[in-house]
Protein chains: 2
Amino acid sequence: MTDSGAEIPARRGTRTKPALTRQAIVGAALDLVDRAGVDAVTMRSVADRLGTGPASIYRHVTGKDELLELVLDRVLAEVAVPPPHPEDWRGPLIALAREVRRVLLAHNDIAAVAMSGPPVGGNPARIAEALLAILRTAGFPDQVCAWAVDRLSLYVTADALDTARQRVMGHDGPAAAQRRWAQVAQYYRDLPADRFPHTVALRDALFADGPVDRFTLGLELFLDGLAARRNG
Amino acid sequence: MTDSGAEIPARRGTRTKPALTRQAIVGAALDLVDRAGVDAVTMRSVADRLGTGPASIYRHVTGKDELLELVLDRVLAEVAVPPPHPEDWRGPLIALAREVRRVLLAHNDIAAVAMSGPPVGGNPARIAEALLAILRTAGFPDQVCAWAVDRLSLYVTADALDTARQRVMGHDGPAAAQRRWAQVAQYYRDLPADRFPHTVALRDALFADGPVDRFTLGLELFLDGLAARRNG
DNA sequence: CCAGCTTGCGAACATCGTTCGCCTTATGCG
DNA sequence: CGCATAAGGCGAACGATGTTCGCAAGCTGG
């Protein structure tokens, strides 16, 4: 639905301009996301990048919301889904979760769009179908499959957003983001030891990255719990 | 830090106006959040509610970001933290997670603020300390405690935001939210059965709420996985 | 009683999403 | 081939937003 229909731009003579199609508009918006984050996507900035004005965009897209949803759908098209495996469900599940996270993080804080509304479009459905395939092939009960897809999607999206925010953080460069995060870490380090004994005791562990990253750890907690609900 | 210092409004005669203090400003903003969501919080709307103009607010708050962080901190002050228990860590952990979620959801989509930046303020630290206390008293390794707090906070916040969005959704009333969500459900129901066999097969389970809600299920998956990492 | 600092606030600026109305251009039809 | 009709492009503007400026009013300390 929506996107990939044949959409001939009805080319006018030989213009240097890259026409003005949904594809081109979405591509320009995606470029802006990659370069400066979702907040940098403005009707005007997208229009500028296409050498036109803001009003022209509304001939191809109903508004900014739809535009961002189209951008997200295009991003999720990059996700390669692994096939289900009847004997090993953890492998494909971890692979898919990491793949979705990788793709989202490859496009800055695009995860913010995924968190701002329900998943719509062909590619979210495609990914959900792949998750369900892995779980159902492994023999999980239907209700567990349904809930697992829901919780897993939420966790992956939330982590991607959280991780991305520590990189871009608002409207200034990634340098300011790191500075601000170090500042937060310092705040927790300087808490009074009498009222926050455990926090102070763990001040090193709290901000350390171990042999396995936080995302994978949380994911495996999830999967361990899931394993206990197989065929139950 | 920041908030609860003695801040005498230097009362001028007997004005009917509620002075104009940080407390009053945060209170007005919180009222707006409760009534119409975070997006309804505008420098102008907050000022109107206090019978003044937008510029006045900047004498007590550096900007909108800080204002929303103060609102979040005041909301989190409502969270009652349970004491740790050396024999039962699951009980207090589930109680605290549900309490945080309850408080966040009691204030509309305030969770959006929590997701838009790192946790700052006295109350996030207080809650983190309580989580650490529960886990450390139960004898978990330090690194596991640190990661668990991080993942648990992320999960609770993300779920609260997700749940709230299904209620308020954007700028119109909750009626439009329910309508839009039903529309999404219909989209998944109408997917072609040949390319989305599992999704179609589970169409009822995907949107059904069972004896236990989605949040608690995900939480228990987490805790099951955590149990396996005790003293390991 | 006055100097100086805090606080309140009217006005304005830049930027945003979106709409209106007019013009150009391509297309279908005779 | 010529023309009417519809679709696409775009300048200008509207309303709303976050934030800043500069001045006035008030309190405070001497």
Side-chain angles (χ1 to χ4, degrees), chain A residues 5-26 28-29 32-33 36-71 112-113 116-117 169-172, chain B residues 5-26 28-29 32-33 36-71 112-113 116-117 169-172:
Chain A
E7 196 176 342
I8 292 120
R11 46 160 148 157
R12 38 159 97 237
T14 352
R15 286 291 274 264
T16 58
K17 277 205 270 185
L20 190 60
T21 56
R22 269 165 87 108
Q23 326 268 346
I25 292 171
V26 172
L32 284 167
V33 171
V38 170
D39 286 346
V41 175
T42 291
M43 291 295 139
R44 286 175 173 78
S45 63
V46 172
D48 278 356
R49 190 161 263 273
L50 295 169
T52 179
S56 304
I57 300 182
Y58 287 85
R59 295 285 179 186
H60 301 87
V61 160
T62 66
K64 198 190 179 185
D65 290 351
E66 185 183 279
L67 174 56
L68 286 178
E69 273 174 17
L70 291 173
V71 171
V113 178
S116 66
M169 191 71 92
H171 32 61
D172 21 331
Chain B
E7 195 175 344
I8 292 120
R11 48 161 147 150
R12 40 164 92 244
T14 354
R15 285 291 274 265
T16 59
K17 273 206 271 184
L20 190 60
T21 57
R22 268 164 88 109
Q23 326 269 346
I25 292 170
V26 171
L32 285 167
V33 171
V38 171
D39 285 347
V41 175
T42 292
M43 291 295 137
R44 284 172 173 80
S45 63
V46 172
D48 278 356
R49 188 162 267 273
L50 294 168
T52 179
S56 305
I57 299 181
Y58 287 85
R59 295 287 181 186
H60 302 85
V61 160
T62 66
K64 198 190 180 187
D65 290 351
E66 186 184 278
L67 174 56
L68 287 178
E69 274 174 15
L70 291 173
V71 171
V113 178
S116 67
M169 189 73 91
H171 31 60
D172 21 332

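First the proteins, then the strands, lettered A, B, ... as listed; each starts at 1. For the numbers below, each heavy atom of this structure counts, side chains included, while hydrogens, waters and symmetry mates do not.
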N or O in side chain of B:H60 less than 4.0 angstrom from C:dG8 OP1/OP2 = yes
Let me have a per-nucleotide readout for nucleotides 17-23 of chain D, 5' to 3', with B, S or -, counting only protein heavy atoms under 4.0 Å.
-> BBBBBBB
Interatomic spacing from CD1 in B:I25 to CZ in B:R59 - rounded to 0.5 Å | 12.0 Å
Check A:H60 against A:L20 and note the closest heavy-atom contact, atom names and distance.
-> NE2-O, 3.0 Å
Nearest whole angstrom, please: distance from the P of D:dG8 to the CD1 of A:I25.
-> 11 Å
Return no unless some side-chain N or O of A:S56 is found under 4.0 Å from OP1 or OP2 of D:dG9.
-> no
Residues B:V113 and B:L68: closest non-hydrogen pair is CG1-O, 3.6 Å
d(CG, A:L50; C1', D:dG8) in whole Å = 14 Å
Per-pair distances, 0.1 Å, donor-acceptor, side chain in residues 41-48 of chain B, under 3.5 Å, sequence neighbours excluded:
unit_1: B:S45; atom_1: OG; unit_2: B:A40; atom_2: O; d: 3.0
unit_1: B:S45; atom_1: OG; unit_2: B:T42; atom_2: N; d: 2.8
unit_1: B:S45; atom_1: OG; unit_2: B:T42; atom_2: O; d: 2.9

Report the distance from atom OG1 of B:T62 to atom CD of B:E69, rounding to the nearest 0.5 Å.
-> 8.5 Å
Find the distance between OG (A:S56) and CG (A:L50) and round it off to the nearest 0.5 Å.
-> 9.5 Å
Taking only N and O in the side chain of A:T52, is any of them less than 4.0 Å away from OP1 or OP2 of D:dG9?
-> no
